[in-house]
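Residue indices begin at 1 and follow the sequence shown.
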Amino acid sequence: MFISDLQIMSIESASFGQNTYIVHFDSANDCFIVDAGFDTDKIIRYLKKNNLNPVAILVTHGHLDHIAGNGDIKEEWPECKIYVSKEDKEKLVDPKGNLSATYGVPVVTPAADQTFDGGDEIMMASIPVSVLHLPGHSRGHVIYRIAGEDGIVMFVGDVIFMDSIGRYDFPDGNYSDLIDGIRDVILTQPLDTVLYPGHGPKTTVGRELRYNPFLQGDIC
């Protein structure tokens with residue numbers, strides 16, 4: 001499999017600046033979604049315009065801005081399954097846990113169709129995806145890694161951004177877990193590995209090793 005054969009579309013939700021990703025092979029109709037955000041009209045419009053069939057929503061973690069679109073997607077495509085880690089599954093149905101109650105806009109989504117542990121290998125829209133547990137921003141945060149003969153891409157949610165890292169001051173966040181996970185799971189990847197974060201532009205492992213101020217010193 002070649003990464004260059006994949007289409008990866010990013011759709012930003014304005015309210016939180018959150019990135020939803022739609023992933024599929026060039027010639028395929030089946031696709032999967034990573035983190036369906038608030039602006040579901042944009043997501044649904046893109047899917048229908050391009051005749052795409054979402055078979056799954058892969059949730060990196062259960063915070064409100066990364067799950068708010070689950071219900072609308074499931075309403076349009078009832079066979080689309082929601083996947084989330086075992087540790088974060090309750091956040092989908094708990095406004096306090098997913099932090100939406102804090103913002104005064106309680107969000108509840110359909111329950112997960114399937115849960116998994118870090119280390120699982122899944123096949124989504126004929127694309128092999130590795131699930132890697134990386135807590136610190138959220139206890140059950142996972143990242144999704146796709147490895148091809150010509151490179152690697154990772155959907156990293158809110159653990160690392162261009163020149164920054166995710167928040168760790170939420171109820172189940174932890175700075176040490178976050179930094180250790182970034183070092184052990186992400187920075188061990190090849191330098192040209194492309195990182196697709198939950199907010200902001202894509203980046204690479206090499207760029208973050210060189211420029212990210214949070215990852216200098218003994219991390220490198």
Side-chain angles (χ1 to χ4, degrees), residues 1-13 18-37 39-61 66-67 69-70 72-85 110 112-134 141-160 162 185-186 189-207:
M1 189 201 82
F2 291 91
I3 297 298
S4 55
D5 290 335
L6 295 180
Q7 286 287 332
I8 301 175
M9 176 63 181
S10 174
I11 297 176
E12 183 182 38
S13 293
Q18 177 269 343
N19 297 322
T20 292
Y21 297 103
I22 299 170
V23 186
H24 61 97
F25 280 117
D26 277 334
S27 57
N29 297 112
D30 283 351
C31 68
F32 66 84
I33 297 167
V34 179
D35 289 347
D39 287 357
T40 48
D41 286 350
K42 292 182 185 177
I43 300 168
I44 292 170
R45 193 159 55 244
Y46 178 84
L47 292 168
K48 290 184 174 181
K49 179 180 178 181
N50 291 278
N51 194 31
L52 293 172
N53 173 50
V55 299
I57 300 170
L58 304 185
V59 179
T60 61
H61 64 293
H66 293 258
I67 64 172
N70 290 354
D72 288 344
I73 301 297
K74 288 277 281 187
E75 186 173 342
E76 288 283 343
W77 291 275
E79 299 304 312
C80 181
K81 297 186 182 302
I82 299 172
Y83 291 74
V84 67
S85 69
D113 293 289
Q114 187 166 331
T115 61
F116 41 61
D117 296 302
D120 286 354
E121 302 287 335
I122 55 180
M123 186 69 72
M124 291 290 148
S126 300
I127 301 168
V129 180
S130 300
V131 183
L132 306 173
H133 184 215
L134 205 167
H141 196 298
V142 295
I143 61 178
Y144 300 103
R145 178 181 183 271
I146 303 174
E149 294 182 41
D150 56 343
I152 297 171
V153 298
M154 301 177 82
F155 298 93
V156 295
D158 284 2
V159 297
I160 190 170
M162 182 181 283
V185 177
I186 295 177
Q189 303 296 319
L191 296 180
D192 61 352
T193 298
V194 180
L195 308 177
Y196 288 90
H199 305 265
K202 66 183 179 181
T203 184
T204 65
V205 168
R207 188 192 190 286

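- Taking CD1 from I127 and CD1 from I3, the interatomic distance works out to 8.5 Å, rounded to the nearest 0.5 Å.
- With contacts defined as side-chain heavy-atom distances shorter than 4.5 Å, the pair K74/D113 qualifies.
- A 4.5 Å side-chain heavy-atom check between L6 and F25 finds at least one atom pair inside the cut-off.
- The side-chain heavy atoms of T60 and I143, taken from C-beta on, include no pair separated by under 4.5 Å.
- What you find for M1 and I146 is that their closest heavy atoms are CE-CG2, 3.4 Å.
- With a 4.5 Å cut-off on side-chain heavy atoms, Y144 and V131 count as touching.
- Side-chain contact between D158 and H199 is present, with heavy atoms from C-beta onward closer than 4.5 Å.
- Of the listed residues (I160, V153, V159), just one forms a side chain to side chain contact (heavy atoms under 4.5 Å, CB included) with L195, and that residue is I160.
- Partner of K202 under the side chain to side chain contact (heavy atoms under 4.5 Å, CB included) criterion, chosen from I8, N19, V194: V194.
- Across all non-hydrogen atoms, the minimal contact from P54 to L52 is CD-O, 3.6 Å.
- The salt bridge (Lys or Arg N to Asp or Glu O under 4.0 Å) search around E76 returns K48, not counting sequence neighbours.
- In this structure, the side chain of K42 does not engage the main chain of S13 through any donor-acceptor pair within 3.5 Å.
- Listed by chain and residue number, M162, D163, T203, T204, Y211 satisfy the side chain to side chain contact (heavy atoms under 4.5 Å, CB included) test with R207 (two or more places apart in sequence, or in another chain).
- Between the side chain of N29 and the main chain of N51, a donor-acceptor pair closer than 3.5 Å is present.
- For the atom pair I152 CD1 and D192 CG, the distance stands at 7.5 Å (nearest 0.5 Å).
- Here the side chains of D72 and I43 are not in contact, with every heavy-atom distance at 4.5 Å or above.
- Side-chain contact between F32 and V129 is present, with heavy atoms from C-beta onward closer than 4.5 Å.
- In this structure, the side chains of L47 and W77 come closer than 4.5 Å at one or more pairs of heavy atoms.
- Shown here for T20 and D35, the closest heavy-atom pair between the two residues is OG1-O, 2.6 Å.
- Minimum interatomic distance between P197 and P201 (heavy atoms only, all atoms of both residues): CG-O, 3.3 Å.
- When all heavy atoms of I186 and V205 are compared, the pair lying nearest together is O-CG2, 3.6 Å.
- Under the rule for a side-chain hydrogen bond (donor to acceptor under 3.5 Å, both in side chains), Y196 has no partner lying at least two apart in sequence or in another chain.
- No donor-acceptor distance shorter than 3.5 angstrom exists from the side chain of N70 to the backbone of I82, with no hydrogens or angles considered.
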